[in-house]
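Quick caveat, the model's predicted, so the values are computed rather than measured. The chain is numbered in sequence order, starting from 1.
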Amino acid sequence: ETKAAIAAGRYDQALPLLRAEVNKTPDDADLVQWLGLAYARLNQPDKAAECFRKAHQLLPMDPRPVEYLAYMEVKMERWPQAHAALATVLKNSGKNYRAHTAIAVVKIKTNNLDAAEAHLKYALSVETNYPPALYNLAWLKYYGRRDGVAAAALYKRFLNVSTDPVRAPRARAVLRRIGDTTPAPARVTT
């Protein structure tokens, strides 16, 4: 029943079932992590972070719980905790382009644009068309560096690989502000 609810995306139904299972076997790291994911999907990052912390304690060599923890800390805008968790992720998995992108967001939020740019460029060197890295680097170029030309090129690349319902309209709006209304290249499909 729990797996079916999770598979169907019914996290509100899965949550009480997962809590009951974790109460029975609190040292089952996979269950604790699933509970954290349910909390995350239900926009309860504080409870999700608590679960991911515990899962990380139970499985310190598994990179997933600490990575999930980092994303919850970012979501809650707890920059020092997010940075510490992401540093742990990168120490164990240096080529993790998702973590490099997330730590770049932390660096942007703490006004360290040079480090943010370095992390975003590295993320894109590993995964050339990773939409969050493209979008954040475009944002940094436009708002942080006031470099409309570089931002326009990055926003176009982003639009070529993403249909994100929030960020794509923002990217198009910035392109209009820049004055570059030429359409992005045709979307690549794979």
Side-chain angles (χ1 to χ4, degrees), residues 29 33 36-37 39-41 43 45-46 48-57 59-171 174-175 184-185 187-188 190:
Q33 186 167 275
L37 290 168
Y39 278 127
R41 293 291 186 164
N43 202 25
D46 53 337
E50 185 180 314
C51 291
F52 296 138
R53 247 183 240 101
K54 182 172 182 183
H56 178 60
Q57 289 170 350
L59 287 174
M61 299 311 292
D62 187 336
R64 294 170 302 166
V66 74
E67 187 171 351
Y68 294 143
L69 171 61
Y71 299 139
M72 293 303 101
E73 298 291 6
V74 167
K75 186 171 185 139
M76 292 183 288
E77 298 183 359
R78 296 190 322 202
W79 308 126
Q81 295 90 330
H83 189 276
L86 287 162
T88 299
V89 172
L90 291 174
K91 180 178 148 193
N92 296 329
S93 177
K95 291 188 177 189
N96 185 325
Y97 57 90
R98 295 178 314 274
H100 276 281
T101 302
I103 206 165
V105 170
V106 171
K107 298 293 186 183
I108 288 169
K109 296 293 187 174
T110 57
N111 206 28
N112 188 341
L113 300 185
D114 291 337
E117 187 170 354
H119 281 286
L120 290 166
K121 285 180 176 180
Y122 182 80
L124 291 169
S125 77
V126 174
E127 184 62 36
T128 310
N129 289 317
Y130 183 51
L134 287 168
Y135 183 86
N136 284 301
L137 186 56
W139 186 97
L140 187 148
K141 291 291 188 181
Y142 184 69
Y143 292 102
R145 304 281 193 218
R146 306 286 187 225
D147 185 347
V149 173
L154 288 160
Y155 278 126
K156 285 180 186 180
R157 277 180 61 195
F158 168 78
L159 290 169
N160 191 41
V161 297
S162 177
T163 58
D164 182 298
V166 174
R167 290 181 181 94
R170 289 179 184 166
V174 171
L175 284 171
R187 231 177 100 71
V188 175
T190 54

Spacing of [X] atom [atom1] and [Y] atom [atom2] [to the nearest 0.5 Å]:
| X | Y | atom1 | atom2 | value |
| --- | --- | --- | --- | --- |
| Tyr68 | Asp62 | OH | CG | 8.5 Å |
| Ser93 | Arg98 | OG | CZ | 7.5 Å |
| Tyr39 | Glu50 | OH | CD | 8.0 Å |
| Asn96 | Glu67 | CG | CD | 4.5 Å |
| Asp164 | Leu159 | CG | CG | 10.0 Å |

So which heavy atom on [X] is nearest to which on [Y], and how close?
| X | Y | answer |
| --- | --- | --- |
| Ala55 | Ala29 | CB-O, 4.0 Å |
| Gln33 | Phe52 | O-CE2, 3.5 Å |
| His100 | Gly94 | NE2-O, 2.7 Å |
| Tyr71 | Ala102 | CE2-CB, 3.6 Å |

- With sequence neighbours excluded, give me every side chain to side chain donor-acceptor pair (under 3.5 Å) pair touching residues 76-86.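 Listed once each, the pairs are Glu73-Arg78, His83-Lys107.
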Donor-acceptor pairs under 3.5 angstrom involving side-chain atoms of residues 120-140: please list them, not counting sequence neighbours.
residue	atom	partner	partner atom	Å
Lys121	NZ	Glu117	OE2	3.1
Ser125	OG	Tyr122	O	2.7
Asn136	ND2	Pro132	O	2.8

*Flag if over 12 foreign heavy atoms under 6.0 Å of CZ, Arg53*: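 Result for CZ/Arg53: enclosed.
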Per-pair distances, 0.1 Å, donor-acceptor, side chain in residues 84-92, under 3.5 Å, sequence neighbours excluded:
residue	atom	partner	partner atom	Å
Thr88	OG1	Ala84	O	3.1
Asn92	ND2	Thr88	O	3.3

Measure the acute angle between the ring planes of Tyr142 and Tyr155, then classify it against the limits of 30° and 60° as parallel, tilted or perpendicular.
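Tyr142 vs Tyr155 ring planes: perpendicular.
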CA sep, side-chain torsions, deciding dist, call: Arg157, Val161, side chain to side chain contact (heavy atoms under 4.5 Å, CB included):
CA-CA 7 Å; Arg157 277 180 61 195; Val161 297; over 6 Å; no
Any residue meeting side chain to side chain donor-acceptor pair (under 3.5 Å) with [X], in chain and number order, not counting sequence neighbours:
| X | result |
| --- | --- |
| Tyr97 | none |
| Asn111 | none |
| Lys75 | Asn43 |

Keeping Ser162 on the side-chain end and Phe158 on the backbone end, is there a donor-acceptor pair under 3.5 Å?
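Judged by distance alone, no pair lies under 3.5 Å.
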| query | Is there a side-chain contact between His56 and Leu69, using heavy atoms and a 4.5 Å cut-off? | reply |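 In short, these two side chains do not touch, never coming nearer than 4.5 Å.
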